Amino acid sequence: MINVTKTFLPDQEQYIQYVREIWDRGYLTNNGPVLKQLEAELREYLNIDQLYFCTNGTIVLQIAIKALQLKGEIITTPFSYCATSNAILWENCVPVFVDIDASTLNINPDLIEDAITPATSAILATHVYGNPCEIEKIEEIAKRHHLKVIYDAAHAFGVKYKNRSLLSYGDLSTCSFHSTKVFHTIEGGMLVSNHPELHEKLHLLRAFGHQGDELYLYAGINGKNSEFHAAMGLCMLPHVKDIIEARKEIFSWYDSMLNWDNLSRPTLHPEIEYNYSYYPVLLPSEAHLKGLLEVLAKEEIIPRRYFYPSLNTLSFMPVKYSCPVSEDVSLRVISLPLFVGLSYSDTQRICNIINDFLSP
Ligand SMILES: *Cc1c(COP(=O)(O)O)cnc(C)c1O
């Protein structure tokens, strides 16, 4: 079977060496030496001063909203994973969905201002598939209206925008280190801050909000990650460059072998160093998508509907918004298999099936 993704696993012996050391120390979690080492190596790799390794890419969104004390309405994108808008709901805020740009599939900055009300406190945008949002426009709008900006950069590990890690933009950025992402720690996530004055608060918020045994400062949560997860990160990090290179090659195979007459893919920003995290394609209609998934399934090829459904259409959203572009795109977009080890011949087979299916 060929799945949409296959988790990269580093050398088992190397991981076990870390496990032995953790065993010997008997110190399994709570800001231990392996975690500190991972954070130090991430700071260096990403050239970022302040980052916080956490349990997952969802809790970091919640901590970000909490740390910035956001209230009321948060402008966000309907074309993301449900974690983005669920985090807003968990923090008792209202997601206000602003439609996406049809070519980049990121939030359309030209529609943001119309959605701002006196209750708006922030913009939470996703760099969809690791492709940067229109950062300058978003920051300019935020500044003018005194709004905070959080980027859900779950897909953006290893992406550089204007020679800086894409994770370093906004008031806060979050990343996911889930096993399906380009860089992973089994489960995991990271919070990146550009505010030195938030350092102590972020540090405390991910670990219950108290300093030592006596000073209880915030209603913090348990968002800290373990030594075992940090060890996976340390084993993975030296491979990231090669992982991205391997993905880039498969990406270029798809680019050259797919017949683009009835197919398109989102436009990547011209000023990036990309991580090739996903290979999304847009089919002419949802009927085509369903037909294609059936044909591929017969060959045991399993792409993923990603993202589907458009988040503004979820039944539990407190306010209904219409986002025609996102609703349309989410019905006919799939992410094709893309992982280290996917062979040229398998990629070719996938392309042939798609080309045959779509040829008139
Ligand atoms: C994966 C993902 C998340 C959630 O990350 P977890 O680590 O699985 O909690 C959030 N947002 C986006 C856009 C994602 O793709």
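The basis for the numbers below is simple: all heavy atoms, side chains too, and nothing from hydrogens, waters or symmetry mates. For ligands, and for the atoms within them, numbers begin at 1 and follow the listed sequence. All values derive from a computational prediction rather than experimental measurement.
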Inset, instruction - Using the rule that two of Ile, Leu, Val, Met, Phe, Trp, Tyr join whenever any of their side-chain heavy atoms come within less than 4.5 Å, decide whether L61 and L167 are in one cluster. - result: no
Inset, instruction - May I ask you to identify, for D152, whether its side chain, its backbone, both or neither come under 4.0 Å of ligand 1 on a heavy-atom basis? - result: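 Within the 4.0 Å criterion, D152 contacts ligand 1 through side-chain atoms alone.
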Inset, instruction - Tell me which part of E187 gets within contact of ligand 1: side chain, backbone, both or neither, using heavy atoms under 4.0 Å. - result: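 The answer is neither.
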Legend entry - Criterion side chain to side chain donor-acceptor pair (under 3.5 Å) against Q17, the qualifying member of E13, E21, Q14: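 Going through E13, E21, Q14 one by one, the side chain to side chain donor-acceptor pair (under 3.5 Å) with Q17 is satisfied by E21 alone.
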Side-chain donor-acceptor pair under 3.5 Å between [X] and [Y], yes or no?
X    : Y    : result
N56  : H178 : no
N30  : K224 : yes
S310 : S326 : yes

By number and element, which atoms of ligand 1 are closer than 4.0 Å to a non-hydrogen atom of [X]?
X    : answer
N56  : 7 (O), 9 (O)
H155 : 13 (C), 14 (C), 15 (O)
S80  : 13 (C)

Below 3.5 Å, N or O to N or O, backbone or side chain included: is there any such pair between [X] and ligand 1?
X    : result
K181 : yes
Y306 : yes
Y278 : no

Legend entry - Heavy-atom nearest neighbour of atom 7 (O) of ligand 1 within options A154, S176, A153: S176
Inset, instruction - Only heavy atoms count here, so choose which of C175, G57, C82, C54 is nearest to atom 6 (P) of ligand 1. - result: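 Ranked by closest heavy atom to atom 6 (P) of ligand 1, first place is G57.
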Inset, instruction - Decide yes or no for N259 and L358: does some side-chain heavy atom of the first lie under 4.5 Å from some side-chain heavy atom of the second? - result: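 When only atoms from C-beta onward are counted, L358 and N259 do not touch, as no gap falls below 4.5 Å.
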Inset, instruction - List in chain and number order the residues that pass ring pair (Phe, Tyr, Trp, His ring centres under 6.0 Å) with Y216, two or more places apart in sequence or in another chain; answer none if no residue qualifies. - result: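 Only H210 meet the ring pair (Phe, Tyr, Trp, His ring centres under 6.0 Å) criterion with Y216.
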Heavy atom of [X], distance to ligand 1 below 4.0 Å:
X    : result
G189 : no
G188 : yes
F79  : no

Legend entry - Cationic tip of R164 above Y169 ring, under 6.0 Å, 45° of axis: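 Output yes; distance and angle both within limits.
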Inset, instruction - Give the residue and atom name of whichever protein heavy atom lies nearest to atom 4 (C) of ligand 1, and the separation in Å to one decimal. - result: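 Minimum-distance protein heavy atom for atom 4 (C) of ligand 1 reads T58 OG1, 3.6 Å.
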Inset, instruction - Could you list the residues that satisfy salt bridge (charged side-chain N to carboxylate O under 4.0 Å, His left out) with D110, not counting sequence neighbours? - result: K137
